[in-house]
Amino acid sequence: MISMKALVFSTRKDEKSYLTNAFEASGHEVAFEEVHLNRKSAELAAGYDVVIVFVNDQLDEACLERLAELNVKAVALRCAGYNNVDLDAAKRHGLTVVRVPAYSPYAVAEHALTLLMTLNRHVHKAYNRVREGNFLLDGLVGRDIHHKTVGVVGTGTIGSVFCQIMRGFECRLLAFDPNPTQALIEQGVEYVTLDQLFEQSDFISLHCPLTPQTHHVIGQRTLALMKPSAMLINTSRGGLVDTKAVIDALKKGELSGLAIDVYEEEADLFFEDQSNQVIADDDLMRLMTFPNVIVTGHQAFLTEEALTNIAQTTADNLSCLEQTTSCVNQLV
Ligand code: NAD
């Protein structure tokens with residue numbers, strides 16, 4: 001069997017054994033780097049056929065050009081979103097780009113629910129309070145989710161699963177997506193305009209990709225449409241939310257809670273231990289002072305099933321590329 005030589009960038013401890021197992025079984029050679037891939041670190045890819053990248057690697061024109069000069073043939077994203085790759089530039093430089101379109105929509109949708117329920121029932125506060133022997137209930141009043149209106153922005157793979165989960169709570173489901181899903185309509189999901197969704201929802205969950213159209217879809221104007229009692233959940237991409245606008249809305253009591261797994265400036269912070277550093281990002285630090293804000297560090301995808309599928313699909317993508325000229329998971 002011909003094998004591909006692959007270099008994994010931004011390697012995390014939690015994923016290494018899954019990737020090693022899948023690549024060994026597929027006969028590909030794999031090496032690991034912890035650094036992010038960008039125009040400077042691209043040099044490390046010399047001698048490799050493929051670079052395997054994640055959400056915070058920066059594959060801009062200069063980085064892709066350098067990879068092509070180094071004779072790298074392909075970029076394999078080990079994630080679904082690809083907003084960090086300049087696809088036009090990849091095409092111009094003759095690089096193939098593949099991704100893992102779906103590995104476990106359940107992992108992300110279930111994390112969105114986890115955040116929603118934690119925020120709504122103040123479990124993050126209760127956890128700390130009880131550990132200090134404080135059993136007071138003040139400030140812990142939540143709301144039944146049952147029969148509430150839930151707005152889902154983006155009803156693709158993950159958003160559809162999230163809709164299914166929320167149907168279990170007998171919620172009214174409002175959705176916005178330029179490509180509505182007939183099966184969801186038949187199950188009672190109502191497609192409305194984005195403004196109607198923001199105006200009517202008690203809980204809003206974002207599941208659309210980050211594109212120029214969706215950048216800062218949550219901003220001053222749209223926050224003003226929301227009920228002051230609304231809670232916002234973002235497990236999609238940080239750039240969907242204008243952080244300064246959301247801080248302003250929280251300060252004024254115009255939004256009842258925010259739970260995010262992604263943050264627009266996460267690239268140099270997330271997936272690393274920053275506990276001995278002074279974090280210079282004032283917006284993130286301000287967000288974390290609010291009692292009604294929860295931040296998790298881009299862990300929505302992090303289940304055993306998802307890690308297994310990511311590693312296997314990435315190895316399969318490489319096998320596919322070495323055997324044929326195109327692959328079903330190919331972006332360019
Ligand atoms: P998908 O491609 O299956 O679905 C995306 C949906 O968004 C599609 O139905 C599309 O029509 C819709 N959409 C496109 N433009 C839109 C717009 N302007 N407004 C509303 N909807 C729009 O993708 P998916 O697998 O469901 O993933 C959704 C997003 O979740 C990804 O783009 C990624 O950013 C994010 N994600 C996050 C994690 C995490 O760990 N936090 C993990 C995986 C994916």
Side-chain angles (χ1 to χ4, degrees), residues 10 12 14-15 53-57 77-85 87 97 99-116 151-166 173-185 189-198 201 204-219 222 232-241 258-264 266-267 269-271 294-310 313-314 328-331:
S10 305
R12 308 182 318 273
D14 63 84
E15 65 180 349
V53 301
F54 199 51
V55 293
N56 291 326
D57 294 307
L77 286 146
R78 55 188 197 281
C79 54
Y82 49 88
N83 52 285
N84 53 332
V85 183
L87 294 181
V97 181
R99 66 168 179 152
V100 182
Y103 38 87
S104 172
Y106 308 102
V108 183
E110 288 169 12
H111 191 70
L113 174 71
T114 305
L115 290 175
L116 188 159
V152 183
V153 182
T155 53
T157 320
I158 296 168
S160 292
V161 172
F162 186 73
C163 287
Q164 302 290 353
I165 293 173
M166 299 318 292
L173 280 155
L174 303 182
F176 175 78
D177 193 307
N179 305 302
T181 302
Q182 189 56 33
L184 291 177
I185 295 171
V189 174
E190 302 165 48
Y191 281 90
V192 293
T193 66
L194 204 48
D195 283 4
Q196 286 169 331
L197 184 151
F198 291 141
S201 299
I204 297 163
S205 193
L206 305 179
H207 298 288
C208 59
L210 176 61
T211 64
Q213 291 74 40
T214 60
H215 180 253
H216 285 187
V217 64
I218 304 297
T222 45
L232 175 68
I233 316 298
N234 186 12
T235 55
S236 193
R237 282 292 179 267
L240 299 177
V241 176
L258 171 77
I260 55 173
D261 184 54
V262 284
Y263 170 60
E264 52 181 340
E266 71 177 51
L269 288 170
F270 283 14
F271 308 121
I294 297 174
V295 180
T296 54
H298 209 135
Q299 68 170 82
F301 69 98
L302 200 65
T303 64
E304 291 173 8
E305 291 80 359
L307 289 174
T308 305
N309 290 339
I310 287 169
T313 306
T314 303
V328 68
N329 295 328
Q330 195 166 330
L331 294 166

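Atoms within each ligand, like the ligands themselves, are counted from 1 in listed order. This chain uses plain numbering: 1 for the first residue, then up along the sequence. All values below come from the heavy atoms of this structure, side chains included, with hydrogens, waters and symmetry mates left out.
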K.L.:
Give a yes or no answer on whether the side chain of Thr181 reaches the backbone of Ala183 with a donor-acceptor pair at less than 3.5 Å.
P.N.:
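No, the answer is negative, given that no donor and acceptor are paired below the 3.5 Å cut-off.
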K.L.:
Any side-chain heavy atom of Cys163 within less than 4.5 Å of one from His207?
P.N.:
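In short, these two side chains do not touch, never coming nearer than 4.5 Å.
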K.L.:
For ligand 1, is there an atom lying under 4.0 Å from some heavy atom of Pro105?
P.N.:
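For ligand 1, residue contact (heavy atoms, under 4.0 Å) with Pro105 is absent.
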K.L.:
Taking Thr155's backbone N and O only, do any of them form a donor-acceptor pair with Ser160's side chain (distance below 3.5 Å, no angle check)?
P.N.:
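Confirmed, Ser160 side chain pairs with Thr155 backbone.
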K.L.:
Can you report which non-hydrogen protein atom sits closest to atom 36 (N) of ligand 1, along with the distance?
P.N.:
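In this structure, atom 36 (N) of ligand 1 has Arg237 NH1, 3.8 Å as its nearest protein heavy atom.
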K.L.:
Is there a heavy atom in Pro178 that sits closer than 4.0 Å to ligand 1?
P.N.:
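Flag set, Pro178 near ligand 1.
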K.L.:
Taking only non-hydrogen atoms of Asp177, do any sit less than 4.0 angstrom from ligand 1?
P.N.:
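It does; at least one heavy atom falls under 4.0 Å.
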K.L.:
Please report whether atom 2 (O) of ligand 1 has a protein non-hydrogen atom at a separation of less than 4.0 Å.
P.N.:
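It does not: no protein heavy atom is found less than 4.0 Å away from atom 2 (O) of ligand 1.
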K.L.:
If you measure every N or O of Thr214 against every N or O of ligand 1, does any of those distances drop under 3.5 Å?
P.N.:
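No; every N/O pair is 3.5 Å or more apart.
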K.L.:
Under 3.5 Å between some N or O of ligand 1 and some N or O of Gln213?
P.N.:
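N/O-N/O distance below 3.5 Å does not exist for this pair.
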K.L.:
Could any protein non-hydrogen atom be found less than 4.0 Å from atom 18 (N) of ligand 1?
P.N.:
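Within 4.0 Å of atom 18 (N) of ligand 1, protein heavy atoms are found.
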K.L.:
For ligand 1, is there an atom lying under 4.0 Å from some heavy atom of Thr211?
P.N.:
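Thr211 does not count as a contact of ligand 1 under the 4.0 Å cut-off.
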K.L.:
Going by the order shown, which atoms of ligand 1 are within less than 4.0 Å of some heavy atom of Phe176?
P.N.:
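Under 4.0 Å from Phe176, ligand 1 has these atoms: 19 (N), 20 (C), 21 (N).
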K.L.:
Please could you name the atoms of ligand 1 that His298 approaches to less than 4.0 Å, counting only its heavy atoms?
P.N.:
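Going through ligand 1 atom by atom, the ones under 4.0 Å from His298 are 39 (C), 40 (O), 41 (N).
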K.L.:
With a 4.0 Å heavy-atom cut-off (strictly under), which part of Thr157 contacts ligand 1: side chain, backbone, both or neither?
P.N.:
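Thr157 to ligand 1: contacts from backbone and side chain alike.
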K.L.:
Between Phe162 and Thr235, is there a side-chain heavy-atom distance shorter than 4.5 Å?
P.N.:
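Thr235 does not reach Phe162 side chain to side chain.
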K.L.:
Less than 4.5 Å apart, any side-chain heavy atom of Glu15 and any of Ile310?
P.N.:
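Result no, sub-4.5 Å side-chain heavy-atom pair not found.
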K.L.:
Taking N or O atoms only and a 3.5 Å limit, does Gln299 qualify as a polar contact for ligand 1?
P.N.:
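There is no such contact.
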K.L.:
N/O to N/O below 3.5 Å, does that happen between Val153 and ligand 1?
P.N.:
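In fact, backbone or side chain, Val153 has no N or O that close.
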K.L.:
May I ask you to check whether Tyr103 has an N/O atom sitting below 3.5 Å from an N/O atom of ligand 1?
P.N.:
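In fact, backbone or side chain, Tyr103 has no N or O that close.
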K.L.:
On a heavy-atom basis, I'd like to know which of Ile310, Thr235, Val108 is closest to atom 37 (C) of ligand 1.
P.N.:
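Shortest heavy-atom distance from atom 37 (C) of ligand 1: Thr235.
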K.L.:
Note the single closest protein heavy atom to atom 28 (C) of ligand 1, along with its residue, its atom name and the distance in Å.
P.N.:
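Minimum-distance protein heavy atom for atom 28 (C) of ligand 1 reads His207 O, 3.3 Å.
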K.L.:
Under 3.5 Å, is there a donor-acceptor pair between the side chain of Asn309 and the main chain of Tyr103?
P.N.:
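Yes, because the side chain of Asn309 sits within donor-acceptor range (under 3.5 Å) of the backbone of Tyr103.
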K.L.:
Taking N or O atoms only and a 3.5 Å limit, does Ile158 qualify as a polar contact for ligand 1?
P.N.:
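Right, the criterion is met.
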K.L.:
For ligand 1, which atoms have a heavy atom of Ala300 less than 4.0 angstrom away?
P.N.:
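Near Ala300, the atoms of ligand 1 are 39 (C), 40 (O), 41 (N).
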K.L.:
Please list, in number order, the atoms of ligand 1 under 4.0 Å from a heavy atom of Phe301.
P.N.:
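Checking each atom against Phe301, I get 40 (O).
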K.L.:
Identify the closest protein heavy atom to atom 29 (C) of ligand 1: which residue and atom is it, and at what distance?
P.N.:
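Nearest neighbour among protein heavy atoms for atom 29 (C) of ligand 1, to 0.1 Å: Ser236 OG, 3.3 Å.
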K.L.:
Test your reading of the model: is there a side-chain donor-acceptor pair from Thr214 to the backbone of Val217, 3.5 Å cut-off?
P.N.:
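Answer holds: no.
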K.L.:
Does a side-chain heavy-atom distance below 4.5 Å link Ile260 with Glu266?
P.N.:
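Not in contact.
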K.L.:
Measure from the side-chain N and O atoms of Ser201 to the backbone N and O of Ile204, and report whether any donor-acceptor pair falls under 3.5 Å.
P.N.:
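No.
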K.L.:
Quick one, Leu194 and Thr222 - any side-chain contact, counting heavy atoms below 4.5 Å?
P.N.:
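Of all side-chain heavy-atom pairs linking Thr222 with Leu194, none is under 4.5 Å.
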K.L.:
So, do Phe270 and Val295 sit near enough that their side-chain heavy atoms are less than 4.5 Å apart?
P.N.:
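In short, these two side chains touch, coming nearer than 4.5 Å.
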K.L.:
Can you name the atoms of ligand 1, numbered from 1 with element, that are less than 4.0 Å from a heavy atom of Cys208?
P.N.:
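Close to Cys208: 7 (O), 20 (C), 21 (N), 22 (C).
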K.L.:
Among all protein heavy atoms in this structure, tell me which lies nearest to atom 14 (C) of ligand 1, with the distance rounded to 0.1 Å.
P.N.:
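Protein heavy atom at minimum distance: Pro209 CD, 3.7 Å.
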K.L.:
Could you tell me whether the side chain of Leu240 reaches within less than 4.5 Å of the side chain of Leu210, counting heavy atoms only?
P.N.:
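Yes, at least one pair of side-chain atoms sits under 4.5 Å.
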K.L.:
Please identify which of these residues, Pro101, Pro105, Ser104, meets the side chain to side chain contact (heavy atoms under 4.5 Å, CB included) condition with Thr157.
P.N.:
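Single pass found, and it is Pro105.
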K.L.:
So do Phe271 and Val55 actually touch side chain to side chain, heavy atoms under 4.5 Å?
P.N.:
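Result yes, sub-4.5 Å side-chain heavy-atom pair found.
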K.L.:
Tell me the protein heavy atom at minimum distance from atom 4 (O) of ligand 1, and give that distance in Å.
P.N.:
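Its nearest protein heavy-atom neighbour is Gly156 CA, 3.2 Å.
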